[in-house]
Amino acid sequence: MKDSRRSFLKIAGVSALGLTAASNAHAIGEYFIPSEKAIKDQKVSTADRWGMVIDTRKLNHETNKKMMEACHVTHNVPTLPEKYKKQEIKWVWEEEYSNAFTEIHNEFQSEEAEHAPILTLCNQCENPPCVQACPTKATFKRADGIVLMDFHRCIGCRFCMAACPYGSRSFNFQDPRNGLEDGKPTNPQFPTRTKGVVEKCNFCAERLAVGKIPACVEVSEGALVFGDLSDENSEIRKVLKENYTIRRKASLGTGPSVFYIV
Amino acid sequence: MLEKALSGSRNYWLWLAGLMAVIAVAFMGYLQQWEFGLGITGMSRDVSWGFYIAQFTFLVGVAAGGVMLVLPYYLHDYKAFGRITILGEFLAVASVVMCLLFILADLGQPTRAMNVIFNATPHSMLFWDALVLNGYLILNIVIGWKLLEAERNAVPAPKWVKTLIYISIPWAFGIHTVTAFLYSGLPGRGYWLTAVLAPRFLASAFAAGPSFLILLCFIVRKVTKFDPGIKAMQTLMKIITYALIANVFFFLCEVFTVFYSKIPSHMAHLNYLFFGHGDKAALVPFMWTSMFLMFSAIGFLVVPKIRNNEKYMPFLCIMVFIGTWIDKGMGMIAGGFVPNAMHSYTEYTPTPLEILITVGVYATGFLVLTILFKIATKVKEEVNA
Amino acid sequence: MSDKGKIVVGVAIFAALVSFPFWYNTGTAKPAPELIIAPEAKAAGACVLPKDQMAKEHMQLLDGWRNSVVREGQRVYVAESGKQYAMSLSNGCLECHTNKADFCDKCHEYASVNPYCWDCHVNPKEK
């Protein structure tokens with residue numbers, strides 16, 4: 001009697017598990033969109049490795065602010081109340097030279113150079129530690145070199161934030177709409193994010209897809225040059241050849257795609 | 001055997017009711033976090049992991065610590081541990097349950113947790129951590145249960161259980177190694193970027209886990225008729241002694257490498273932790289307390305007369321436990337994030353709500369632990385009677 | 001068996017709890033909401049897939065789209081007819097279906113589903 005009850009419970013348990021799994025199976029598989037049905041926009045800008053050169057000689061607080069604003073308005077980046085300053089969201093922001101270039105910190109520099117306002121953003125690394133750390137591939141590197149976030153997939157573990165050596169990542173500690181006027185996005189064409197996911201600069205992937213250049217570059221008045229690093233004849237390669245540039249923490253081997261003329 | 005948990009003294013039920021009350025209150029706190037997001041915690045852009053992940057890291061150690069009973073008994077046939085390996089296994093179960101709950105509490109989108117499996121990513125250490133932790137949980141539940149069942153029925157346990165036990169031994173080392181790899185493989189974090197991190201984690205685990213186990217043995221002896229045996233406890237004290245010395249030794253190796261090489265990005269964290277940075281010195285008293293506890297505990301532990309004396313044992317164990325908890329819990333996680341990648345200093349202090357949720361997870365762990373220990377000791381009492 | 005009484009009571013309580021949604025909602029059934037097609041959608045004539053299929057499978061389609069757009073960078077959908085559509089909730093679907101409240105929300109509410117699409121995506125037409 002005892003044995004048969006036990007085996008009945010076992011069988012019942014296993015069948016229940018099986019039924020649940022079977023009824024959920026369809027929900028797990030992705031709905032397949034065949035490749036001939038999904039294509040790129042004809043106006044798309046393509047590259048093998050997108051990159052940026054920032055001419056720090058042309059940076060000042062005002063132009064920096066303009067570029068930051070252009071980015072944040074385009075991407076619905078919220079401005080949280082002062083109380084949550086430590087949890088703010090930044091895609092592109094300003095750091096003093098000594099903070100941006102912690103490894104290239106020289107003695108006897110002029111006060112001006114030491115505190116020069118450097119524009120910092122995601123370096124779109126060739127070898128991104130955040131992608132390696134992400135347990136769900138919510139952060140991934142595209143064929144064109146852009147390190148992108150899939151907000152649908154992010155579980156908010158913040159491993160990528162620990163992995164990023166540049167502090168380029170922000171976490172939505174609350175609903176970002178709390179920091180947007182009336183909870184409305186500044187750019188309705190672009191989504192806001194939900195609370196609990198990580199975000200960062202996307203090199204304006206959504207603008208490149210329709211043939212536009214990144215929003216910050218557009219308003220940079222020549223301080224930023226954007227282009228394909230793998231194309232020898234591109235303007236960005238020309239600028240790199242003609243100027244001495246440095247990269248942030250290049251010694252870590254992450255291969256930043258953002259270069260700085262100093 | 002579960003029915004054994006359903007009968008107990010008035011104090012047993014009071015204790016369970018108390019734990020449930022704490023869990024209920026903490027759960028309300030969690031609902032607030034669920035509603036608003038992790039903004040209710042003291043974490044920030046710069047210190048993006050805090051109290052939850054600190055407890056998680058520490059408790060993986062406690063879980064792994066159970067192997068210090070299993071290994072001597074099964075690999076070296078050390079008989080004195082035979083009576084209590086089950087306690088080590090059940091402690092591991094409760095600890096891993098807490099670990100998983102802490103991870104869940106720390107996720108920004110907990111409902112998407114299964115993405116780690118659906119989008120399995122072998123190059124992420126977190127994927128492996130999820131695998132080994134869940135594996136260790138299952139291993140210990142099955143092993144503990146089967147061994148206890150066999151003991152109750154006075155028959156030898158099935159052969160395959162032994163195989164599982166042999167697997168569980170390296171697995172215990174594995175869970176804490178993988179947990180250390182979460183941190184030690186990140187290029188920009190000087191405090192964690194050291195190969196000695198995994199060994200150090202293991203050493204502190206083998207001090208913290210057994211010291212907690214000894215404290216539990218004292219409680220078991222007091223509230224049940226089952227005696228874990230003084231000899232087993234004394235041997236555990238010896239293990240704690242070696243492990244704690246190893247932990248402190250690894251720490252000093254780290255201190256030497258960092259301060260002799262004088263690489264600023266590596267020195268900055270230790271300097272912040274032990275001396276503070278200007279007025280930013282929240283962790284300084286804790287770190288020195290931890291050092292004081294661990295060093296003085298070693299001083300006492302190396303004297304056999306003291307460590308073998310039942311009167312001093314609980315105090316020594318509390319010293320070791322708190323010392324390693326501060327060292328690995330608070331210092332290890334916050335210390336790795338301060339200063340941040342831009343070498344600026346943002347401090348971290350947990351908020352009351354964050355502490356409440358943490359207490360709630362601990363209460364859940366203790367609930368699981370109480371029930372499992374109740375079953376185990378009840379079976380032992382019956383068998384011995 | 002001396003526990004017969006306890007077992008019966010236990011089973012009764014269990015049955016009552018399990019069937020709670022049924023008896024709790026008894027008599028509150030409402031007719032399915034009528035689908036209101038916005039004039040812009042009517043003018044377009046056809047959707048990306050036949051109407052039936054859209055009704056049944058739009059969620060899977062959108063799930064596929066978001067992977068295609070975000071992960072592959074392919075943002076244009078070519079329908080059977082050869083017509084091209086932007087694979088975008090805000091800038092595609094809602095271009096025609098301008099009446100989100102009537103077209104999406106009503107039915108989702110009726111079916112008691114709460115898609116989190118709208119936590120991030122917005123109806124650009126909504127002021």
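Numbers restart at 1 for each chain; the letters A, B, ... are given by sequence-line order, proteins then strands. Predicted model, so just to flag it, every value in this text is computed and none were measured.
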Open item on the list: I'd like to know whether A/Phe151 forms a side chain to side chain contact (heavy atoms under 4.5 Å, CB included) with A/Asn172, so could you lay out the CA-CA distance, the side-chain angles of the two residues, the decisive distance to 0.1 Å, and finally the verdict.
Closed with: CA-CA 11 Å; A/Phe151 303 116; A/Asn172 286 284; over 6 Å; no
- [ ] Give the intermediate values and the outcome of side chain to side chain contact (heavy atoms under 4.5 Å, CB included) for residues A/Phe203 and A/Asp144.
- [x] CA-CA 11 Å; A/Phe203 249 20; A/Asp144 61 1; over 6 Å; no
Task: Test side chain to side chain donor-acceptor pair (under 3.5 Å) applied to A/Tyr84 and B/Ser44, step by step - done: CA-CA 9 Å; A/Tyr84 297 106; B/Ser44 57; over 6 Å; no
Task: Full working for side chain to side chain contact (heavy atoms under 4.5 Å, CB included) between A/Val198 and A/Met161 - done: CA-CA 8 Å; A/Val198 174; A/Met161 295 178 77; 4.2 Å; yes
- [ ] List the steps and the verdict of side chain to side chain contact (heavy atoms under 4.5 Å, CB included) for A/Lys200 and A/Gln124.
- [x] CA-CA 10 Å; A/Lys200 67 167 196 76; A/Gln124 311 292 344; 3.8 Å; yes
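For the pair B/Glu382 and B/Lys4, the salt-bridge criterion is met [side-chain N within less than 4.0 Å of a carboxylate O]. B/Glu149 has a carboxylate O that lies under 4.0 Å from a charged side-chain N of B/Lys146, or vice versa, which qualifies the two as a salt bridge.
Here the rule is ring pair (Phe, Tyr, Trp, His ring centres under 6.0 Å) with B/Phe337, and of B/Trp192, B/Tyr272, B/Tyr348 only B/Trp192 fits it.
Contact count against chain B (heavy-atom pairs under 4.5 Å) is highest for A/Lys90 among A/Lys90, A/Glu88, A/Arg169. Of all the listed residues (B/Gly188, B/Ser48, B/Pro264), the one sharing the greatest number of non-hydrogen pairs under 4.5 Å with chain A is B/Ser48. Chain B forms the most heavy-atom pairs under 4.5 Å with one residue out of A/Gly167, A/Cys154, A/Ala162, A/Gly196, and that residue is A/Ala162. With chain A as partner, the option from B/Gly37, B/Ser124, B/Gly185, B/Gly42 having the largest number of non-hydrogen pairs under 4.5 angstrom is B/Ser124.
B/Leu38 touches chain A through backbone and side chain together, each having a heavy atom under 4.5 Å away. Neither the backbone nor the side chain of B/Met114 comes within less than 4.5 Å of any heavy atom in chain A. Residue A/Phe171 touches chain B through its side chain alone, counting heavy-atom pairs closer than 4.5 Å. Heavy-atom distances place no part of A/Thr120 under 4.5 Å from chain B, backbone and side chain included. Contacts between B/Ala120 and chain A at a heavy-atom distance below 4.5 Å involve the backbone alone (N, CA, C, O).
Ring centers of A/Phe159 and B/Trp49: under 6.0 Å apart, within the cut-off. Taking the centre of each ring, A/His72 and A/Trp91 stay at or above the 6.0 Å mark.
The side chain to side chain donor-acceptor pair (under 3.5 Å) test applied to B/Asp46 returns B/Asn340, B/Thr346, not counting sequence neighbours.
Note that B/Lys328 lies in the cation-pi zone of B/Phe201, set by a 6.0 Å cut-off to the ring centre and a 45° limit from the axis.
The number of heavy-atom neighbours closer than 6.0 Å to CD of A/Glu112, taken from other residues, nucleotides and ligands shown, is 12 or below. Counting heavy-atom neighbours within 6.0 Å of B/Glu35 CD, excluding the residue itself, gives a total of 12 or less.
One distance of note links CE of B/Met98 with CG of B/Leu59; it measures 5.0 Å at 0.5 Å rounding.
Distance alone, capped at 3.5 Å, is enough to place a donor-acceptor pair between the A/Asn60 side chain and the A/Thr63 backbone.
Of residues 249-262 of chain A, those residues lying under 4.5 Å from chain B by any heavy-atom pair are A/Lys249, A/Leu252. Heavy-atom neighbours of chain B within the stretch residues 125-143 of chain A, taken at a separation under 4.5 angstrom, comprise A/Pro129, A/Val131, A/Gln132, A/Ala133, A/Cys134, A/Pro135, A/Thr136, A/Lys137. Residues of residues 100-110 of chain B lying within less than 4.5 angstrom of chain A, judged on heavy atoms, are B/Asp106, B/Leu107, B/Gly108, B/Gln109 in numerical order.
Under the 3.5 Å distance criterion, with hydrogens and angles disregarded, a donor-acceptor pair is assigned to the side chains of A/Arg177 and A/Thr192.
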